[in-house]
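Written below as structure tokens is the structure these notes are about.
Keep in mind it's a predicted model, so treat the numbers as computed, not measured.
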Amino acid sequence: MTYTESGERQALRKAVAELGRSYGHEYYAKLARSGGHTSELWNEAGRLGYLGVAVPEEYGGGGAGIGDLAAVCEEFCAAGTPMLLMVVSPAICATVIARFGTDEQKTGWLPRFATGEVRMSFAITEPDAGSNSHRLTTTARRDGADWVLNGRKVFISGVDEAEAVLVVGRTEDAKTGRLKPALFIVPTNTPGFEYRQIEMDLVSADKQFGLFLDDVRLPREALVGSEDAALAQLFAGLNPERIMAASFSVGIARYALDKGVEYAKQRSVWGAPIGSHQGLAHPLAQVKIELELAKLMAQKAAALYDSGDDSAAGEAANMAKYAGSEVAIKAVDTAIQVHGGNGLATEYGLGTLLGAARVGRIAPVSREMVLNFVAQHSLGLPKSY
């Protein structure tokens, strides 16, 4: 066991950080406030191969693991240029297709994931079911050789930028009649597919949407993998999602902590830097400790996932996501407090992170559901729901 990242990953981090800083948080915030997208940064990151580091080499990717992709995500966030679609498109969608897709799906999609040319959203959450895959009402029925989808989804990221959406629906088991999860690639221009933006009180370049699927007819090839794989395929994407979400939060925490520390060193009152006072120094030090702990757990989860241990990775990924979201909130709040009134001034680049950091407690899985998971699966306590 080693706690030092490989030289290759450290070099990757350095290169991604330099690219992120060359755009900077002002670039991101300006686009987010104006309703724009980080397309320029995304496209350059794709051309340089950063978005495709986890795509298999035979399809033009880097052939690395989710740990390297998570490092890319973290560095962009730490540079003040978070791209939420990274958590979805290359992490969930590309991973699921690489592991379970047909040869045609892999050939058609993975080379474009490798270059960042394609963006794909992921749709599981529903208005009445949340992310509970057992209560999803989006259903797919056979009609000859085709599939026909009907249902609704909510809080789906980046659909306006996506070429397609990986939709979690449910199909009927021919033997039992019970419904089981299945994944479908739905191009956003498919007849019967409609999306509407959900207005959010978030300063984000990634927008949220509600989806409406009304007799969406798809060819047989739209089904990803086997319809009998059920939850196995779904969780193959959800574990990377949690790992990426943890790294996203860790990156935000790093950005906020760096801003807070820099200000605490430079700002002086009564003849001394404010960082010399324990009332500010200790909260910053606590954030640093909790940040390093969250980062270690995210790296452990990624290492377990990349080794093929999905069960252990699930536990670690949930813990990492919990720890990351908590420290991101604490880091942003602490950095703002260190800045005083300047913490909410636009030029200091912290106020925009209030909502972004808070989202981590809710999505992609709530803090409470993570605690339920740990209580039941890690501690062996009775199921509470």
(message) Please find the pair of heavy atoms, one from E326 and one from R367, that lie closest to each other, and give the distance.
(response) OE2-CD, 3.3 Å
(message) Treating T81 as the side-chain partner and F76 as the backbone partner, does any N or O pair qualify as donor plus acceptor under 3.5 Å?
(response) yes
(message) Could you check whether any side-chain heavy atom of E104 comes within less than 4.5 Å of a side-chain heavy atom of E221, counting everything from C-beta outward?
(response) no
(message) Looking at K106 and E58, is any side-chain nitrogen of the basic one under 4.0 Å from a carboxylate oxygen of the acidic one?
(response) no
(request) Please report the closest heavy-atom contact between A264 and L284, naming both atoms and the distance. (result) CB-CD1, 4.0 Å
(request) Using atom types as modelled and distance alone, determine if a side-chain donor or acceptor of D306 lies under 3.5 Å from a backbone N or O of I66. (result) yes
(request) Heavy atoms only: give me the nearest T334-P283 pair and the separation to one decimal. (result) CG2-CB, 3.8 Å
(message) Applying salt bridge (Lys or Arg N to Asp or Glu O under 4.0 Å) to E75 and R254, what does each step give before you reach the verdict?
(response) CA-CA 9 Å; E75 293 302 327; R254 283 177 52 195; 2.8 Å; yes
(message) So for atom CG, which belongs to N189, do other residues, nucleotides or ligands contribute more than 12 heavy atoms lying within a distance under 6.0 Å?
(response) yes
(request) Evaluate the ring planes of H25 and Y255, with Trp represented by its six-membered ring, and classify them as parallel (under 30°), tilted (30 to 60°) or perpendicular (over 60°). (result) tilted
(request) Go through the steps for K30 and E26 under the test salt bridge (Lys or Arg N to Asp or Glu O under 4.0 Å), then give the verdict. (result) CA-CA 6 Å; K30 181 178 179 181; E26 288 185 10; over 6 Å; no
(request) Would you check if there is a donor-acceptor pair between the side chains of T138 and E126 at a distance under 3.5 Å? (result) yes
(message) Could you check whether any side-chain N or O of N150 sits under 3.5 Å from a backbone N or O of T139, counting only pairs where one atom can act as donor and the other as acceptor?
(response) no
(message) Would you say that V365 contacts F373 through its side chain, given a criterion of any heavy-atom pair below 4.5 Å between the two side chains?
(response) no
(request) Verify whether one side chain among H37 and D160 offers a donor that lies under 3.5 Å from an acceptor in the other. (result) yes
(message) Would the distance check show the side chain of K153 and the main-chain N or O of I124 forming a donor-acceptor pair, the cut-off being under 3.5 Å?
(response) yes
(message) Could you check whether any side-chain N or O of S378 sits under 3.5 Å from a backbone N or O of A375, counting only pairs where one atom can act as donor and the other as acceptor?
(response) no
(request) Please check if any side-chain donor atom of S384 sits under 3.5 Å from a side-chain acceptor atom of N372, or the reverse. (result) yes
(message) Quick one: does any side-chain atom of R217 pair with a main-chain N or O of D146 as donor and acceptor, under 3.5 Å?
(response) no
(request) Count the heavy atoms belonging to other residues, nucleotides or ligands that lie under 6.0 Å from CD of Q197, then report whether that count exceeds 12. (result) yes
(message) Checking Y23 against E44: is there a side-chain donor and acceptor pair closer than 3.5 Å?
(response) yes
(request) Kindly say whether V250 contributes a backbone atom to a donor-acceptor pair with the side chain of K295 at under 3.5 angstrom? (result) no
(message) Under 6.0 Å from the ring centre and within 45 degrees of the ring axis: does the NZ or CZ of K383 meet both conditions for the six-membered ring of Y385?
(response) yes
(request) Answer with yes or no whether the side chains of T188 and E163 bring together a donor and an acceptor at under 3.5 Å. (result) no
(message) Closer than 3.5 angstrom, by distance alone: can the side chain of Q105 be matched with the main-chain N or O of L223 as a donor-acceptor pair?
(response) yes
(message) Given 3.5 Å as the limit, does a donor-acceptor pair link the side chain of N43 with the main chain of S39, or not?
(response) yes
(request) Indicate yes or no for a side-chain donor-acceptor contact from S307 to the backbone of L304 under 3.5 Å, with no hydrogens or angles considered. (result) yes
(request) Compare every heavy atom of A317 with every heavy atom of N239, then report the nearest pair and how far apart it is. (result) O-CB, 4.0 Å
(message) Counting only heavy atoms not in R13 (residues, nucleotides, ligands), do more than 12 fall under 6.0 Å from its CZ?
(response) yes
(message) If you apply the rule salt bridge (Lys or Arg N to Asp or Glu O under 4.0 Å), what do you find for D310 with R99, and how did you get there?
(response) CA-CA 13 Å; D310 287 342; R99 286 189 63 173; 3.2 Å; yes
